[in-house]
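Take a look at the structure below.
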2 protein chains.
Amino acid sequence: MSSISRRSTIIEVARLAGASKTSVSRYFGEERDRLSPSLQARIAHAAGTLGYQPNQMARGLKGGRSKLIGMLVADIRNPFSVAITHGVEQACRQYGYSLVVCNTDNDPKQEHQHLDLLGAYQVEGLVVNASGSPERQLHTFISQGTPIVLLDREVDHVAAEVVGLDNHLAIDMALEHLADQGYQAVLYVSEAPEQSSTRQKRLARFCHAAKQHGLAYATSLLANSDSAATLQALSSFLATHQPSACAVLCGNGNATLIVTRLFQQLGLPLGEVGLMGIDELDWCALVPPGITTLAQPTDTIGKTAVQCLMHRIAPHASSMPTELSFSPTLIERGSTHP
Amino acid sequence: MSSISRRSTIIEVARLAGASKTSVSRYFGEERDRLSPSLQARIAHAAGTLGYQPNQMARGLKGGRSKLIGMLVADIRNPFSVAITHGVEQACRQYGYSLVVCNTDNDPKQEHQHLDLLGAYQVEGLVVNASGSPERQLHTFISQGTPIVLLDREVDHVAAEVVGLDNHLAIDMALEHLADQGYQAVLYVSEAPEQSSTRQKRLARFCHAAKQHGLAYATSLLANSDSAATLQALSSFLATHQPSACAVLCGNGNATLIVTRLFQQLGLPLGEVGLMGIDELDWCALVPPGITTLAQPTDTIGKTAVQCLMHRIAPHASSMPTELSFSPTLIERGSTHP
DNA sequence: TAAGGTAATGGTATCGGTTCCATTTTGAGC
DNA sequence: GCTCAAAATGGAACCGATACCATTACCTTA
């Protein structure tokens with residue numbers, strides 16, 4: 001029968017320190033300086049012995065400052081998303097905020113629910129990697145004065161910063177590399193682009209730039225990770241263009257994973273048939289002779305997103321980042337050496 | 001100059017519906033049935049037009065029910081942790097709770113901070129995958145009546161359910177498989193076991209069981225992912241035991257990643273020298289001829305952890321799971337065919 | 001028809017803080 | 001030593017909900 005000891009409150013600290021609620025509140029808030037050194041010491045001591053910690057719920061209530069940032073992630077199981085989330089979380093903590101991460105599993109319904117929820121918890125800012133088009137809800141946040149930053153994907157009619165990769169540059173770099181290496185025909189494999197502005201941009205740019213480079217090209221879209229159609233597309237692409245040197249460019253990490261499986265299934269020799277992916281993954285170096293990738297600066301992207309938010313929350317405290325689109329880094333491996 | 005419209009409150013809804021705060025509160029709480037159909041309709045309508053949503057902060061204040069579960073993850077970049085987190089989150093939502101995930105990057109200091117924080121947000125339950133030994137703080141939670149479940153790793157002197165893999169069984173299964181395949185000498189590679197009871201158990205069991213199976217064996221510990229010592233250990237292990245059939249068993253996913261790199265560095269033929277890992281990873285099938293693994297039932301583990309918590313929070317609403325230690329699944333691939 | 005019980009609804013204190021305003025203390029200037 | 005402003009501290013209302021208790025309305029049953 002252990003007695004359940006409640007968490008101590010500001011009143012108890014005040015009583016023990018021989019001070020008023022107000023002073024204790026000041027001590028734990030922004031106004032500690034206004035207290036005399038002796039009072040500060042008494043409060044510090046009292047709080048220490050009681051193990052007092054302000055109740056954030058109560059704090060959030062009066063001033064509306066929950067010290068919470070909400071984040072919506074489309075697919076938490078994608079290592080790229082995890083890396084970004086990691087960056088966002090670190091940055092939040094640096095600014096004294098906590099992060100509530102909500103994974104939507106690319107489901108607009110879950111996205112809707114999670115947005116409601118984040119609203120109910122009075123988040124002070126929102127980092128959104130959208131799965132659907134939650135315009136309505138995002139506008140609600142905006143009209144309430146809650147700043148929003150879009151991560152990697154735009155949302156129609158929502159005027160907010162979009163932080164992410166410079167998609168044009170990425171595609172250009174990829175094609176330039178492939179052309180340099182002597183590939184003459186490139187197949188672009190992407191996950192379904194409907195829900196993602198980034199995927200659309202990459203796809204469009206691919207077609208545009210492939211033409212410019214004088215490359216033969218085709219595209220294949222993965223419908224919810226079903227690779228059968230792409231297997232087909234890959235085979236016939238090769239049949240059509242070989243013996244010209246052929247390569248596959250993958251629009252993101254998941255596409256790279258799926259295509260790599262297809263290469264093995266078909267017994268295609270990596271390198272002789274080129275393979276390149278956007279997003280760097282742990283294992284890209286491990287599949288012989290290594291898969292060439294374009295790595296995104298995930299930490300920087302995450303930090304920049306938070307910096308945008310902080311600038312809007314407290315314009316004086318933090319400056320607006322100047323750069324919102326970032327360049328990838330080419331990591332060259334054997335899969336693009338014919 | 002868009003006017004910043006505040007989020008509407010219960011009072012506004014009450015006024016619009018011509019009802020009292022109390023009734024509106026009942027409508028959104030557990031007591032909706034007590035309201036007459038006509039009142040329910042009026043409130044529903046009012047809430048709808050105002051876009052009202054209860055403020056969780058205020059809710060949490062009075063009743064102490066924040067509807068929040070906190071989770072401490074030692075390393076969010078480990079795909080295994082992500083998979084578990086995913087399971088935990090799903091289960092939480094199912095029970096009407098939200099999850100606040102805190103990543104500690106295996107740093108006890110961050111762990112300490114995050115625990116403080118979760119306390120401040122009045123989480124109603126805690127899922128802990130510990131990085132250090134936060135006994136003190138966990139006891140504070142327990143004495144306040146906040147239930148705790150330990151994930152994968154125990155914490156000394158903290159009496160709480162531990163949900164995770166059956167480590168003895170896992171090691172036994174691995175060694176049995178390796179022995180069956182004809183390997184006669186096994187090197188066990190693990191990350192530093194100091195902070196993790198699971199790593200300790202696996203290591204100890206390995207030594208015990210290898211002896212029982214009559215296998216030659218050795219162990220090597222990775223000090224913060226520095227592989228130099230293990231490279232050394234692996235070379236000399238092979239030098240000592242070859243031409244007997246040798247294999248390496250990796251204690252977790254990260255060890256598998258590092259050892260796979262070493263195999264490539266040394267040009268070791270996978271299979272001829274065996275390789276097996278605990279934790280299934282995306283790419284294990286992709287490195288020819290495929291790496292044999294023991295997969296953990298991550299979703300089940302996550303869900304079970306939450307179920308434990310829910311049972312403690314509301315004993316009547318949810319039953320206590322009977323099984324807390326789970327069996328792995330052997331996924332056999334070419335890396336263990338000599 | 002009056003008594004008595006239940007269902008439906010409202011009033012108000014309260015949760016643990018913050019914040020505005022009032023009050024007390026302190027110290028500088030003359 | 002006295003005045004007066006500034007610094008230090010305290011009092012009390014308030015944030016948006018919940019929960020207990022009181023009240024009103026409506027049926028039964030004697």
Side-chain angles (χ1 to χ4, degrees), chain A residues 5-44 46-47 50-68 117 119-124 144-145, chain B residues 5-44 46-47 50-68 117 119-124 144-145:
Chain A
S5 64
R6 266 179 31 281
R7 158 179 295 271
S8 56
T9 76
I10 200 172
I11 297 213
E12 296 166 335
V13 176
R15 193 145 37 216
L16 182 57
S20 71
K21 277 172 76 170
T22 309
S23 297
V24 178
S25 170
R26 287 199 174 107
Y27 181 83
F28 286 97
E30 318 271 86
E31 305 181 276
R32 183 174 299 188
D33 311 331
R34 289 182 45 180
L35 270 32
S36 70
S38 94
L39 220 205
Q40 284 190 38
R42 268 152 53 214
I43 293 177
L50 259 52
Y52 169 75
Q53 224 199 331
N55 178 332
Q56 286 289 350
M57 291 281 164
R59 277 190 152 174
L61 192 51
K62 176 69 190 212
R65 29 199 74 274
S66 62
K67 284 289 171 186
L68 241 34
L117 216 110
Y121 281 106
Q122 313 268 100
V123 294
E124 292 183 52
Q144 282 168 195
Chain B
S5 63
R6 266 175 33 278
R7 161 178 293 270
S8 55
T9 76
I10 200 173
I11 297 213
E12 296 165 335
V13 176
R15 194 144 35 214
L16 182 58
S20 71
K21 279 173 74 167
T22 308
S23 296
V24 178
S25 172
R26 287 200 174 106
Y27 182 83
F28 285 96
E30 319 272 84
E31 305 180 276
R32 183 174 301 188
D33 311 330
R34 291 181 44 179
L35 270 33
S36 71
S38 93
L39 220 206
Q40 285 189 36
R42 267 152 56 214
I43 294 178
L50 260 52
Y52 169 75
Q53 223 199 330
N55 179 332
Q56 286 289 352
M57 291 283 165
R59 275 190 156 173
L61 191 51
K62 178 65 194 222
R65 28 199 75 277
S66 62
K67 284 290 172 184
L68 242 32
L117 215 109
Y121 282 105
Q122 313 267 99
V123 295
E124 292 184 51
Q144 282 168 194

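The sequence lines fix the lettering, A, B, ..., with proteins before strands; numbering per chain opens at 1.
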Item to check | Which residues share a side chain to side chain donor-acceptor pair (under 3.5 Å) with B:Gln40, sequence neighbours left out | outcome: none

Next on the checklist: To the nearest 10°, give me the bend of the helix from C:dT1-D:dA30 to C:dC30-D:dG1, comparing the axes of its five terminal pairs at either end.
Outcome noted: 40°

Checklist entry - Given atom NZ of A:Lys21 and atom P of D:dG11, what is their separation to the nearest angstrom? => result 11 Å

Checklist entry - From the 5' end of DNA chain C to its 3' end, which nucleotides mark the outer limits of contact with chain A, defined by a 4.0 Å heavy-atom distance cut-off (strictly under)? => result C:dG16 to C:dC21

Item to check | Atom pair distance, as rounded to whole Å: CZ in B:Arg34 and C1' in D:dT18 | outcome: 13 Å

Next on the checklist: Please classify the nucleic acid contact of A:Ile11 as base, sugar-phosphate, or nothing, using heavy-atom distances under 4.0 Å.
Outcome noted: nothing

Item to check | Integer-rounded Å distance: D:dG16 P and B:Ile10 CD1 | outcome: 11 Å

Checklist entry - Once you round it to whole Å, what is the distance between C1' of D:dC15 and CD of A:Gln122? => result 10 Å

Next on the checklist: Among residues at least two apart in sequence or on other chains, which ones pass side chain to side chain donor-acceptor pair (under 3.5 Å) with B:Ser20?
Outcome noted: B:Ser23

Checklist entry - Counting only non-hydrogen atoms, which of residues 54-61 of chain B are less than 4.0 Å from DNA chain D? => result B:Pro54, B:Asn55, B:Ala58, B:Arg59, B:Leu61

Next on the checklist: If I compare all heavy atoms of B:Arg7 with all of A:Ala120, which pair ends up nearest, and what's the gap?
Outcome noted: NH1-N, 4.1 Å

Item to check | Those residues of residues 22-32 of chain B lying under 4.0 Å from DNA chain D by at least one heavy atom | outcome: B:Thr22, B:Ser25, B:Arg26

Checklist outcome for this item: Between NZ of B:Lys62 and P of D:dC20 the distance, given in whole Å, is 8 Å

